2 protein chains.
Amino acid sequence: MNSTGQTRKEEIIKTAAKLFKEKGYSAVTMRDLAKAVNIRAASLYNHIDSKQDILKSIIISLAEEFTRGMETIKNSEDVTINKLRAIVALHVNITIHNTYGMASLNNDWMHLEDQLDHYLSLRKNYEQDFVEIIKSGIEAQEIRDSNPEIIMFSILTTLRSLYLWIPKKEDLKGQELAKNLGDVLINGINPKSTKA
Amino acid sequence: MNSTGQTRKEEIIKTAAKLFKEKGYSAVTMRDLAKAVNIRAASLYNHIDSKQDILKSIIISLAEEFTRGMETIKNSEDVTINKLRAIVALHVNITIHNTYGMASLNNDWMHLEDQLDHYLSLRKNYEQDFVEIIKSGIEAQEIRDSNPEIIMFSILTTLRSLYLWIPKKEDLKGQELAKNLGDVLINGINPKSTKA
DNA sequence: GACCCAAACTAACAACCGTTAGTTTACTGA
DNA sequence: TCAGTAAACTAACGGTTGTTAGTTTGGGTC
């Protein structure tokens, strides 16, 4: 631990995530990363196994965090609208506390090697759970009877892109953002819809 | 022109866009691209100036296409809801006829060199026009009085991600998709909202 | 049949890539 | 005071990168 309460390894991974967000995994060299943490490239290997290992750390831990969140939400007894609000809050919270990592999760997952299948499996399950929640909401007439996959896609891509947008809105608190965003995504923008 | 009605240069750029979508600009080598068009890397340079030149061709032409579309929409006399539907249709149409290029536009713009400032300027103006349309819709009480930037962000990120999703829905016609998507984005998913 | 030229080729360049080996530095606890 | 150790360093490796130079190929035109 250093004065900021994080190990050197954590600092390297965090810095890497920041660089990956700016240029993407492939365009960031180990020498770029080393310069950003003020050491030489070879010294990085005292702390990490490989460049690939850094990407794996960033992406898999985030993906598993989403999976755990979804597990809790889908097992809750709440109505669909509240489950959707919980999903929005899940994305907002994770994105706020790991904005840089979200960029890698979105854009660099295909550069995973050993862990690619594991990641794809987590993502597929997440999307299936999401679409099931929407379908049961349609059955319960809680949400409009539109194509469930279009609804899921529309919400999920907005949530997945939050990392691009949250840094520009530092004034907006997490809960406030989750509420605003939930309103727009769930009630739409048409003023004739009833406030939920 | 060859039998498919496209020049070798066009074929190279199209193939490059496909590869860029799969792995990103930086991870695609000129040898990868050459193999995909069945020639040697050096032969590519009989048709294109540089790797950077390919990226520029893909991104700038698309960005200018969006700019022209937005110009037409914002100068139309239509009501806000219809302008928004026109924006949805603009994205759906461009994405259908250039799915691969949309990936580069979204993910690889930061690797533009000389043309980066030009691209950023086009994007900034597009987003400003978009948010102005939403603001005037709120004033006219055509759309709900929520944060205009959250509304714009929510719609635009969905539209920008269409390239990820359209290939999986080949059965869905463009107009049909534009209508479905417009309904979800404009009327939301809450069944209590009035159908527009 | 000689010529042209677009478009392919082979070979190679200098720079850069991730990574390893071996060494030095600076702090810690006995 | 000195051995131990984490973490930095220098140097270099084999491979890959975008690109250039120079050459060959093959179909169309006079």
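Bear in mind the structure is a predicted one, so any value in this text is a computation, not a measurement. The sequence lines fix the lettering, A, B, ..., with proteins before strands; numbering per chain opens at 1. When reading the values below, keep in mind they use all heavy atoms of this one structure, side chains included, and skip hydrogens, waters and symmetry mates.
When the C1' atom of D/dT19 is taken as reference, atom CD1 of B/Ile54 falls 12 Å away, rounded to whole Å. Distance, A/Ile48 CD1 to C/dT20 C1': 13 Å, rounded to whole Å. Across the protein-nucleic acid pair, B/Lys35 atom NZ and D/dG18 atom P stand 14 Å apart, rounded to whole Å. A/Lys9 has its NZ atom 12 Å from the P atom of D/dA7, to the nearest Å. The distance from atom CZ of B/Arg8 to atom P of D/dG27 is 15 Å, rounded to the nearest whole Å. Taking atom CD of residue B/Glu113 and atom C1' of nucleotide D/dT19, one finds them 14 Å apart after rounding to whole Å. One atom, NZ of A/Lys51, and another, C1' of D/dT16, lie 13 Å apart when rounded to the nearest Å. Atom CD1 in A/Ile39 sits about 12 Å away from atom P in D/dT10, given to the nearest Å.
One finds a salt bridge joining B/Asp183 and B/Arg85 here, because a Lys/Arg side-chain nitrogen approaches an Asp/Glu carboxylate oxygen to under 4.0 Å. By the 4.0 Å N-to-carboxylate-O rule, B/Lys23 lies close enough to B/Asp32 to be salt-bridged with it. Between A/Arg8 and A/Glu11 there is a salt bridge, since at least one side-chain N of the basic residue sits less than 4.0 Å from a carboxylate O of the acidic one. Taking the charged nitrogens against the carboxylate oxygens, B/Lys83 and B/Asp78 have no contact shorter than 4.0 Å, which rules out a salt bridge.
Along DNA chain D, the nucleotide closest to A/Ala41 and the one closest to B/Ala42 are compared, and the more 5′ of them pairs with A/Ala41. Between B/Asn38 and A/Tyr25, the one whose closest nucleotide on DNA chain C sits nearer the 5' end is B/Asn38.
Note on A/Ser43: a base of the nucleic acid sits closer than 4.0 angstrom, heavy atoms only. Contacts of B/Val28 with the nucleic acid, taken as non-hydrogen atoms under 4.0 Å apart, involve only primed sugar atoms and P, OP1 or OP2.
Under the side chain to side chain contact (heavy atoms under 4.5 Å, CB included) test applied with A/Lys56, the options A/Lys51, A/Gln115, A/Glu113 reduce to a single match, A/Gln115.
Taking only side-chain nitrogens and oxygens, A/His47 never comes nearer than 4.0 Å to OP1 or OP2 of D/dA6. For the pair B/Arg31 and D/dT19, the criterion of a side-chain N or O lying under 4.0 Å from OP1 or OP2 is not met.
For D/dA8, the base has a donor-acceptor partner in the side chain of A/Asn46 [N/O atoms by modelled type, under 3.5 angstrom].
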